[in-house]
Participant: 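Below: one structure in structure tokens.
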Protein chains: 2
Amino acid sequence: MSTRRETVRQALTESSGFRSAQDLYADLRSEGSKIGLTTVYRALQALSDSGEVDVLRTDDGEAVYRACITDSHHHHLVCRGCGKAVEIEGPMVERWADSVGTQHGFTDITHTVEVFGTCADCAAAKG
Amino acid sequence: MSTRRETVRQALTESSGFRSAQDLYADLRSEGSKIGLTTVYRALQALSDSGEVDVLRTDDGEAVYRACITDSHHHHLVCRGCGKAVEIEGPMVERWADSVGTQHGFTDITHTVEVFGTCADCAAAKG
DNA sequence: GCGGATAACGAAAACGGTTGTCAAAATCCG
DNA sequence: CGGATTTTGACAACCGTTTTCGTTATCCGC
Ligand SMILES: [Zn+2]
Ligand SMILES: [Zn+2]
Ligand SMILES: [Zn+2]
Ligand SMILES: [Zn+2]
């Protein structure tokens with residue numbers, strides 16, 4: 001119910017890419033909000049616990065979050081330049097991951113799959 | 001040629017799973033080595049820069065390293081319990097990642113794919 | 001509305017993994 | 001054997017994140 005959690009969710013939703021807690025904090029403050037960094041972290045934690053947002057780790061270990069449209073299992077195609085993300089599906093990848101796991105005697109199999117690239121906009125801006 | 005870098009490489013090689021810098025440091029110290037934590041970090045950085053070891057991030061952002069046998073592109077099936085890892089390949093996943101990226105107008109496409117599970121040993125120990 | 005319990009909030013401190021600093025020790029070279 | 005160069009490791013700084021704790025807002029029975 002918290003207003004602040006709603007605020008954070010909306011800030012995330014307005015972005016098309018993955019954003020860090022500190023990014024969102026900076027955005028909200030620059031819009032005049034008096035929200036605290038702790039609250040942003042708490043909201044993101046709650047949202048990711050409830051599965052409402054996706055979280056992944058950048059190469060340098062920072063957590064970044066995204067409010068995805070679909071709530072079923074999916075992966076992301078993420079722009080290395082601007083963070084913009086596209087939700088993607090790959091049924092054969094799901095099957096492959098499960099089968100390669102069971103083939104080696106593993107159980108409770110999960111997987112992480114992320115595809116990275118440079119989006120058309122960023123490529124144009126750089127070219 | 002540094003002896004210390006060799007020491008770290010060997011400590012990694014003796015393990016079948018992904019290990020953190022602090023893990024390796026603790027191991028080496030307990031074996032009587034007088035190596036410093038900074039040096040372990042430096043060695044791992046150098047080894048991963050040169051592509052001799054693979055690195056990935058745990059859920060909580062910690063970097064873990066592994067000395068893989070093959071030096072060609074591959075992925076890992078990692079035990080959630082003990083960190084033991086198996087090198088796996090999935091040509092169809094490689095193709096899928098590239099094609100889904102180009103389909104959305106992205107270039108310079110790369111990907112991360114990791115499969116997690118509980119290995120037979122850990123399942124037996126827990127059951 | 002009022003008053004007290006309860007939950008949310010935010011500033012600041014603590015935390016943990018990682019990196020930077022710098023002087024001491026080891027190695028190299030002439 | 002010097003002196004230059006590189007490697008090393010104790011320690012401090014860093015940075016993202018979590019914890020702490022006193023304050024503030026929200027609920028709810030009256
Ligand atoms: Zn882009
Ligand atoms: Zn999947
Ligand atoms: Zn295991
Ligand atoms: Zn691959």
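Note that the coordinates shown come from a computational prediction; the quantities given were computed from them, not determined experimentally. Sequence lines set the chain letters: A, B, ... in the order given, protein chains first and strands last, and positions in each chain run from 1.
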Participant: Measure from the side-chain N and O atoms of A:H74 to the backbone N and O of A:S72, and report whether any donor-acceptor pair falls under 3.5 Å.
Facilitator: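 Indeed, once roles are kept as given, a pair shorter than 3.5 Å links the two residues.
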
Participant: Tabulated below should be each protein N or O lying under 3.5 Å from an N or O of nucleotides 20-28 of chain C; please produce it.
Facilitator:
| from | atom 1 | to | atom 2 | distance (Å) |
| --- | --- | --- | --- | --- |
| C:dG20 | O6 | B:T38 | OG1 | 3.2 |

Participant: Rounded to whole angstroms, how far apart are CZ on B:R19 and C1' on C:dG17?
Facilitator: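 To the nearest whole Å, that distance equals 16 Å.
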
Participant: Can you name the atoms? Protein N/O to nucleotides 14-17 of chain D N/O, anything below 3.5 Å, with the distance.
Facilitator:
| from | atom 1 | to | atom 2 | distance (Å) |
| --- | --- | --- | --- | --- |
| D:dT17 | OP1 | A:A63 | N | 2.9 |
| D:dT17 | OP2 | A:Y41 | OH | 2.6 |
| D:dT17 | O5' | A:Y41 | OH | 3.4 |

Participant: Provide the closest heavy-atom pair for A:L28 versus A:A11 in the form atom of the first, atom of the second, distance.
Facilitator: CD2-CB, 3.9 Å

Participant: Check this one for me: any side-chain N or O of A:T39 less than 4.0 Å away from OP1 or OP2 of C:dG10?
Facilitator: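 A:T39 to C:dG10 OP1/OP2: side-chain N or O found under 4.0 Å.
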
Participant: Is there a donor-acceptor pair under 3.5 Å between the side chain of A:R80 and the backbone N or O of B:D108?
Facilitator: yes

Participant: What is the bend of the helix from C:dG1-D:dC30 to C:dG30-D:dC1 when you compare the axis at one end with the axis at the other, using five pairs each and rounding to 10°?
Facilitator: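 The end axes of the helix from C:dG1-D:dC30 to C:dG30-D:dC1 are about 20° apart, to the nearest 10°.
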
Participant: Short question: side chain of A:R66, backbone of A:L12 - any donor-acceptor pair under 3.5 Å?
Facilitator: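 Not at all, since once roles are kept as given, no pair shorter than 3.5 Å links the two residues.
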
Participant: Got a donor-acceptor contact below 3.5 angstrom from the A:R4 side chain to the A:V40 backbone?
Facilitator: no

Participant: Of all the heavy-atom pairs spanning A:V64 and A:T58, show the shortest one and how long it is.
Facilitator: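 A:V64 and A:T58 have their closest heavy atoms at CG1-CG2, 3.8 Å.
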
Participant: Output yes when a side-chain donor or acceptor of B:E87 lies under 3.5 Å from a complementary backbone atom of B:C68, and no otherwise.
Facilitator: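 No, B:E87 side chain to B:C68 backbone: no donor-acceptor pair under 3.5 Å.
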
Participant: So, is B:R4 close to the D:dG9 phosphate, meaning a side-chain N or O under 4.0 Å from OP1 or OP2?
Facilitator: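 Yes, such a contact exists.
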
Participant: Kindly say whether A:V113 contributes a backbone atom to a donor-acceptor pair with the side chain of A:H75 at under 3.5 angstrom?
Facilitator: yes

Participant: Do you know which two heavy atoms are closest between A:R19 and A:S15, and how far apart they sit?
Facilitator: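 Closest pair (atom of A:R19, atom of A:S15, distance): CD-OG, 3.2 Å.
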
Participant: Determine whether B:E52 and B:S50 satisfy the following criterion, side chain to side chain donor-acceptor pair (under 3.5 Å), listing intermediate values before the conclusion.
Facilitator: CA-CA 6 Å; B:E52 295 171 77; B:S50 74; 2.5 Å; yes

